[in-house]
Participant: 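Attaching a single structure in structure tokens format; questions to follow.
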Amino acid sequence: MTVCRPRVITLLTDFGNQDAYVGVMKGVIAGINPFANIVDICHSVPPQDIFSGAYLLYTSYKYFPCKTIHVAVVDPGVGSRRDIVCVETKDYFFLVPDNGLLSFIIQNEKPKSIFRITNNKYFLPSPSNTFHGRDVFAPVAAHLSLGVKPQQLGIKINQLEQMDIPTPISKKTGQVEGQIIYIDRFGNLITNITQEYLVKGAGGQKSEVGSKKQDAFKKTSKEKILSQLCTMETTIGKKKILGLSKTYTDIQAGEPLALIGSAGFLEVSINQGNAQKYFRVDRGNKIRVEMGSY
Amino acid sequence: MTVCRPRVITLLTDFGNQDAYVGVMKGVIAGINPFANIVDICHSVPPQDIFSGAYLLYTSYKYFPCKTIHVAVVDPGVGSRRDIVCVETKDYFFLVPDNGLLSFIIQNEKPKSIFRITNNKYFLPSPSNTFHGRDVFAPVAAHLSLGVKPQQLGIKINQLEQMDIPTPISKKTGQVEGQIIYIDRFGNLITNITQEYLVKGAGGQKSEVGSKKQDAFKKTSKEKILSQLCTMETTIGKKKILGLSKTYTDIQAGEPLALIGSAGFLEVSINQGNAQKYFRVDRGNKIRVEMGSY
Amino acid sequence: MTVCRPRVITLLTDFGNQDAYVGVMKGVIAGINPFANIVDICHSVPPQDIFSGAYLLYTSYKYFPCKTIHVAVVDPGVGSRRDIVCVETKDYFFLVPDNGLLSFIIQNEKPKSIFRITNNKYFLPSPSNTFHGRDVFAPVAAHLSLGVKPQQLGIKINQLEQMDIPTPISKKTGQVEGQIIYIDRFGNLITNITQEYLVKGAGGQKSEVGSKKQDAFKKTSKEKILSQLCTMETTIGKKKILGLSKTYTDIQAGEPLALIGSAGFLEVSINQGNAQKYFRVDRGNKIRVEMGSY
């Protein structure tokens with residue numbers, strides 16, 4: 001006899017923790033696959049905020065074991081004609097309403113297949129129009145975890161709905177304008193400026209014609225370039241932050257700093273403080289970076 | 001060797017998520033039955049709000065697998081003479097303080113047995129007077145999940161305490177007055193008017209003496225009658241909502257609607273908005289339905 | 001074949017529930033040990049509040065099964081030179097930043113060993129400087145749960161950082177001045193005055209020279225002494241509470257009371273109310289006890 005590794009099913013919703021909605025989904029899953037390992041990613045996505053849901057899913061999905069089934073339900077269109085889809089990528093399954101929730105992720109990896117879920121054999125009987133989390137997502141996820149194949153769930157389609165994700169804008173060399181795309185519990189201001197973007201920006205300035213120099217540049221490690229960014233300047237509102245810190249504690253407690261956060265984005269923080277309160281900013285506010293004088 | 005299905009133990013409390021109370025209960029359970037599958041239903045029941053606890057338990061219990069042990073601790077009388085009881089129904093076990101927490105559920109199904117829990121062999125040693133969740137409920141639930149029988153826990157009793165559950169009032173044919181009994185995270189206003197009540201009310205108007213007509217009525221599907229309710233009118237405060245929607249998105253974003261929610265109750269909502277804020281109402285506020293002109 | 005008891009890994013953090021940080025840690029653990037039984041103790045520790053984290057860990061750790069791995073991440077110094085340590089006690093493993101998080105616990109039990117964690121073989125590749133919960137704590141805990149020994153994780157050290165824990169002050173016999181060290185969801189005011197301290201204080205007054213009397217005293221049970229405390233007087237602000245209650249319901253609803261709470265500390269509460277709001281106090285406020293006239 002072999003004891004199989006329990007399959008992980010993750011849940012990310014805007015259902016909150018004050019009602020029983022999430023618990024009910026887990027009950028349905030446990031009834032179908034009692035060995036499923038259900039892990040909460042987050043249920044505090046602001047109601048109907050697909051963008052935040054997409055961001056949180058993007059920053060977490062790849063830390064789960066291969067073949068994890070990620071179920072994300074931020075679904076203002078529940079009960080309407082929007083589709084529910086099962087998306088398979090190289091390592092994961094995603095079960096989501098087709099409303100843009102995977103927009104960040106599919107920038108990173110191409111889906112292997114997309115199926116519109118129509119086979120109500122895998123739903124609860126008489127599904128409601130208002131709680132597909134319980135009546136469709138949970139039972140379908142549980143069946144997937146037992147080995148049902150995506151093609152058994154419905155009809156193959158070719159394209160997913162996508163959300164506009166704001167990209168940083170570079171008006172002149174060495175300058176980038178980004179914006180705050182997420183603010184976490186600690187008040188850290190996470191921007192859409194990626195580490196790669198900064199590295200490219202900084203490296204770009206230095207690159208010259210000529211194969212030898214180019215080659216030399218290729219060998220310059222990302223870390224080296226990032227360390228060159230110590231003279232960069234981040235502007236938020238009328239305030240300026242000099243340099244790129246490595247950790248929150250590079251700076252005195254209570255002082256602002258910029259660093260590359262754990263999801264790979266440029267982030268403005270206050271050591272042991274709350275940058276959102278300090279700067280009085282919100283999602284969508286602009287942040288400028290000058291990768292100037294080095 | 002057979003690997004048994006892990007038994008599900010659910011937890012529903014007013015302990016909140018800011019302290020360690022819930023985690024401690026799980027520790028106690030894991031110490032007694034390491035294979036128990038503990039599922040949180042909800043821990044954000046407002047402190048001492050037995051009514052909300054009863055509502056949440058009612059809307060979730062039957063979505064769990066057979067033989068699930070539902071532990072609910074909303075217990076303002078902890079340490080006093082109130083009883084702790086183990087209630088067995090056809091499919092489930094409930095472990096609750098005997099204070100009305102099962103009032104909604106026993107409207108639905110008759111208990112097979114009720115035992116007052118007195119056998120401290122299944123408690124933690126020297127139980128406190130203030131945290132029976134840890135010292136009584138958790139260990140007893142864990143022992144039940146290992147196969148201990150309810151009759152081993154204490155003394156058989158015949159009756160449970162019950163809470164008054166407000167029922168809708170119908171002053172004249174085709175009119176119902178209900179009230180808001182629960183408001184969820186999205187601000188949806190859930191009333192005590194059930195789908196059955198509406199169907200009966202609407203059907204009732206139409207039924208006449210004579211067996212053939214009666215029979216014909218019986219065959220009228222619930223769906224058909226519900227669809228007739230499209231001309232009903234729901235009044236909340238001074239505002240009126242016409243018709244019964246099927247989904248939130250039947251109506252423009254920002255507009256109010258009435259529908260049968262996922263727990264089978266009439267519910268007033270705002271598509272992509274918050275009906276509690278919109279109508280400035282609270283639990284207990286009246287809602288009138290006129291099933292008039294069709 | 002034997003199915004091993006799944007090892008429990010507990011998580012206590014200040015990461016909150018609004019982001020995906022906790023979910024990501026669970027993903028990392030499940031990827032390394034899919035059979036680990038992960039239990040949340042609490043994630044709502046106020047940001048960077050090591051003291052509250054230490055209190056919550058202290059009140060919960062010993063309710064978990066033997067060999068549980070307790071992971072606590074309240075870590076304002078993340079990425080700086082503070083150490084991460086694995087502390088083994090008689091029954092448990094603790095994985096914590098070395099910043100005082102174990103201060104309450106090591107008053108109770110001496111560590112068997114302390115290892116500074118340096119072996120990055122057990123970390124995620126390229127650990128970030130801002131999210132050691134994901135990159136260090138989670139994978140190290142998972143490896144420990146698979147049987148890796150603390151000595152494989154790093155370098156043995158002898159001492160832990162400690163936080164000042166305020167102790168009650170007794171200026172004259174029968175009087176104690178303590179302070180509020182924690183306030184829970186219900187608004188219960190938990191002080192640093194332990195049951196033992198009260199028993200000693202009350203008993204101390206009665207003890208006299210002479211072996212027989214001393215012996216007799218030894219036999220006086222803790223319960224008996226506590227019952228003598230029924231005439232004690234607790235002063236908070238300008239208000240006085242007479243006696244020591246056994247349960248919240250000893251007193252009328254809405255009235256204040258003092259009792260020994262479930263963690264063994266003197267606690268001021270309101271029956272079915274919120275003592276923090278009633279007394280308008282906060283952590284650090286003084287509470288005086290007079291064990292006077294009996």
Side-chain angles (χ1 to χ4, degrees), chain A residues 1-8 10-12 16-17 35 37-46 52-53 55-66 68 70 182-188 190 195 222-223 245-250 253 259-264 267 269 271-274, chain C residues 1-4 6 11 13-40 43-50 73-82 97 99 124-136 138-139 142:
Chain A
M1 204 213 78
T2 54
V3 178
C4 290
R5 289 165 80 96
R7 278 287 282 282
V8 176
T10 73
L11 303 178
L12 183 149
N17 294 308
F35 297 98
N37 181 7
I38 306 170
V39 178
D40 297 304
I41 290 184
C42 179
H43 300 291
S44 305
V45 174
S52 291
Y55 171 80
L56 289 170
L57 191 57
Y58 168 70
T59 61
S60 37
Y61 80 102
K62 55 178 176 280
Y63 291 98
F64 284 84
C66 237
T68 289
H70 292 294
Y182 189 81
I183 302 178
D184 73 7
R185 183 210 196 185
F186 299 94
N188 295 318
I190 295 154
Q195 172 169 315
K222 214 162 67 173
E223 279 69 28
S245 296
K246 283 202 171 143
T247 80
Y248 299 124
T249 53
D250 282 2
L259 51 63
I260 301 298
S262 59
E267 189 177 313
S269 306
N271 181 19
Q272 296 176 52
N274 185 308
Chain C
M1 204 213 79
T2 54
V3 178
C4 290
L11 303 179
T13 74
D14 62 352
F15 293 166
N17 294 307
Q18 79 180 60
D19 306 305
Y21 299 131
V22 174
V24 165
M25 287 182 68
K26 294 178 183 174
V28 170
I29 293 170
I32 296 169
N33 180 1
F35 297 99
N37 181 8
I38 306 171
V39 177
D40 297 304
H43 299 292
S44 306
V45 174
Q48 289 107 24
D49 182 352
I50 299 169
V73 192
V74 182
D75 192 11
V78 59
S80 71
R81 295 201 175 184
R82 67 88 186 84
N99 62 14
L124 287 203
S126 316
S128 72
N129 288 314
T130 57
F131 192 7
H132 284 179
R134 175 190 71 193
D135 303 332
V136 180

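Throughout, protein chains are lettered first and strands after them, A, B, ... in sequence-line order, and every chain is numbered starting at 1. This is a predicted model, so every value here is computed, not measured.
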Participant: Output, in order, the C-alpha distance, side-chain angles, deciding distance and verdict of side chain to side chain contact (heavy atoms under 4.5 Å, CB included) for C:Val45 and C:Thr13.
Facilitator: CA-CA 6 Å; C:Val45 174; C:Thr13 74; over 6 Å; no
Participant: Select one option (side chain, backbone, both, neither) describing which atoms of C:Tyr21 are under 4.5 Å from chain A's heavy atoms.
Facilitator: side chain
Participant: Would you mind telling me which of A:Gly261, A:Cys42, A:Ser262 has the largest number of heavy-atom pairs within less than 4.5 Å of chain C?
Facilitator: A:Ser262
Participant: Checking A:Arg185 against C:His43: is there a side-chain donor and acceptor pair closer than 3.5 Å?
Facilitator: no
Participant: Report which part of C:Asp40 has an atom under 4.5 Å of a heavy atom belonging to chain A: side chain, backbone, both, or neither.
Facilitator: neither
Participant: Side chain, backbone, both or neither: which part of C:Ile32 has a heavy atom under 4.5 Å from chain A?
Facilitator: neither
Participant: Going by heavy atoms in the side chains, are C:Arg82 and C:Asp75 under 4.5 Å from each other?
Facilitator: yes
Participant: State whether the side chain of A:Asp250 and the backbone N or O of A:Lys246 hold a donor-acceptor pair below 3.5 Å, judged by distance alone.
Facilitator: yes
Participant: With a 4.5 angstrom heavy-atom cut-off, could you sort out which part of A:Leu259 is near chain C: side chain, backbone, both or neither?
Facilitator: side chain
Participant: Once rounded to the nearest 0.5 Å, what's the spacing between atom CD1 of A:Ile190 and atom OG1 of A:Thr59?
Facilitator: 8.0 Å
Participant: If I measure from the heavy atoms of chain C, does A:Asn37 come under 4.5 Å with its side chain, its backbone, both, or neither?
Facilitator: side chain
Participant: Quick check for you: among A:Thr68, A:Ile41, A:Leu57, which has the greatest number of heavy-atom pairs under 4.5 Å with chain C?
Facilitator: A:Ile41
Participant: Name the member of C:Gly23, C:Gly27, C:Ser80 that forms the most heavy-atom pairs with chain A at distances under 4.5 Å.
Facilitator: C:Gly27
Participant: Answer yes or no: is there a side-chain heavy-atom contact under 4.5 Å between C:Asp14 and C:Asp49?
Facilitator: no
Participant: May I ask you to name which of A:Phe64, A:Tyr55, A:Tyr61, A:Tyr182 has the most heavy-atom pairs under 4.5 Å with chain C?
Facilitator: A:Phe64
Participant: Is chain A contacted by the side chain of C:Arg134, its backbone, both, or neither, given a heavy-atom distance below 4.5 Å?
Facilitator: side chain
Participant: Any idea which heavy atoms bring C:Gly16 and C:Val22 closest together, and the distance?
Facilitator: O-CG2, 3.9 Å
Participant: Select one option (side chain, backbone, both, neither) describing which atoms of A:Asn17 are under 4.5 Å from chain C's heavy atoms.
Facilitator: side chain
Participant: Is the closest side-chain donor-acceptor distance between C:Ser128 and C:Asp135 under 3.5 Å?
Facilitator: yes
